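Here's the structure, in structure tokens; my notes come after.
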Amino acid sequence: MTADRCLQPGLIPVEHARQQLLDAVAPLRDTETLPLEQACGRVLAQDAGAQLDLPPCDNSAMDGYALAGDGDTFTLTGKSLAGHPFDGTLKAGECARITTGAPLPAGADRVVMQEQAELAGEVLHLHTSAAVGEHIRRRGEDVCVGQCLLRAGHPIRVADIALLAAAGISHVTAIRRLRAAVLSVGDELRPLETPAAELGRGDIYDSNRIALKAALAQMNIEVIDLGCQPDDPGTIRDAFMRARDSADIVITSGGVSVGDADYTRRVLEELGQLEMWRLAIKPGKPFAFGRLPREPADGGNAGAALFFGLPGNPVSALVTLYQLVLPALEKVRGVAESARHPRLQSRARLINPIRKAPGRTDYQRGFTYRDGDGLQVVESAGIQGSHILSGFARANCFIVLSQDSGDCATGDWVTIEPFLGPLV
Ligand code: AMP
Ligand code: MG
């Protein structure tokens, strides 16, 4: 093999690039108030505090009997059902029928499960003794009124929706949705609406744009779809200007390498600045980052749109999106550093040899599972070409091979990164 066999000077190591991108972007500040029902996937702009204690009163954790005091037998004097509390007070030696979640009657200090007691007429006999406090859920043991439930910068997930609803929060103040303009560049690209019979020789479907849109939708990012554009600098310039004026960020794929028809970088440099290009990553070397400043006369969005130029090869586009763009977008969406998606890595044993040339960090596609002995193993998801989508679709993890490493043998322990979030 040729150039890849030696270390490639001038390429930015992936870790540096990821950090450089994080340092180069700033969180959105605009906020809006939303009903809780629309808040899943949004990022909190303000701390959310509890309106009440949770549980709001002492209540039963079981279906059974609320007991007043110690003893083997109790006199049944009432019932407390969820939604229908018992208003009286139990005296020592008395009990009340109680259901899960029903308020604990005044005077009761313990609950016995109904399976551990037997009612004969009005007299309850316990099979086992009940200790003070048993099966009682205490007022405020989950949350106290006024307590901060979730901090600003928290991305709201399903469990958070449940917590906020339980604590009486019907509306939240969230950071407004990030707007991303997405476009593809390439004379050979055809939109998916084109019937296969009408594709010319060498034409391909524009798979990147639709995949990028799916990934961004999973991050609750609003997408402005600017279609596929031909390899023509004038048309690309017009599309970039529309993108920059309508969105916070611009994500393109294709035309960012060094080929005769690669105009993406050139147009970016003409309209704005190229801040990063060519990374020591495989696949995805030609990744570019920069900014497209908006014309002050626009009167619209001030500042500049962030520009992410992904390589055209479909696997490269998704690998760079996942490894480089999404971490930066989390910050732009307002997610606090402590709440960002963890990049979980673990180790697995290779069950086949893999080829790797020193010089770039490889994100090979793999399939990991536990073998019959409970050992975490990983196999390569087939040919590793940056155009091989079937292997990517079959894979469930990246096999991360460091910049300097070479070939790996069967039995070697390697680093894996399970697919999470938008790659699931
Ligand atoms: P490029 O980055 O423009 O040199 O393209 C590299 C490879 O990716 C070529 O084989 C292109 O046909 C392919 N490609 C570029 N854009 C797309 C796209 N939007 N969807 C699928 N394949 C693409
Ligand atoms: Mg091209």
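One-based numbering along the sequence shown. Ligands are counted one by one from 1 in listed order, and the atoms in each one are counted from 1 as well. In this text, all values refer to a predicted model and were calculated from it rather than measured experimentally.
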Could you list each N/O atom of ligand 1 together with any protein N/O atom closer than 3.5 Å, one pair per line with the distance?
unit_1: ligand 1; atom_1: 2 (O); unit_2: Gly312; atom_2: N; d: 3.0
unit_1: ligand 1; atom_1: 3 (O); unit_2: Gly255; atom_2: N; d: 2.8
unit_1: ligand 1; atom_1: 8 (O); unit_2: Gly312; atom_2: O; d: 3.2
unit_1: ligand 1; atom_1: 8 (O); unit_2: Asn313; atom_2: N; d: 3.1
unit_1: ligand 1; atom_1: 12 (O); unit_2: Glu188; atom_2: OE2; d: 2.5
unit_1: ligand 1; atom_1: 14 (N); unit_2: Gly312; atom_2: O; d: 3.2
unit_1: ligand 1; atom_1: 19 (N); unit_2: Asp206; atom_2: OD1; d: 2.8
unit_1: ligand 1; atom_1: 19 (N); unit_2: Asn208; atom_2: ND2; d: 3.4
unit_1: ligand 1; atom_1: 20 (N); unit_2: Ser207; atom_2: N; d: 3.2
unit_1: ligand 1; atom_1: 20 (N); unit_2: Asn208; atom_2: N; d: 3.3

Lys/Arg N to Asp/Glu carboxylate O, Asp407 vs Arg355, below 4.0 Å: yes
N-O pairing of Glu337 and Lys331 below 4.0 Å: no
Value rounded to 0.5 Å, distance of NZ in Lys282 from CZ in Arg360: 5.5 Å
Atom pair CG (Asp262) and CD1 (Ile236), whose distance is rounded to the nearest 0.5 Å: 9.0 Å
Identified ring pair (Phe, Tyr, Trp, His ring centres under 6.0 Å) counterpart of Tyr363 within the set Phe392, Phe419, Phe398: Phe398
Between CG on residue Leu28 and CZ on residue Arg176, distance to nearest 0.5 Å: 5.0 Å
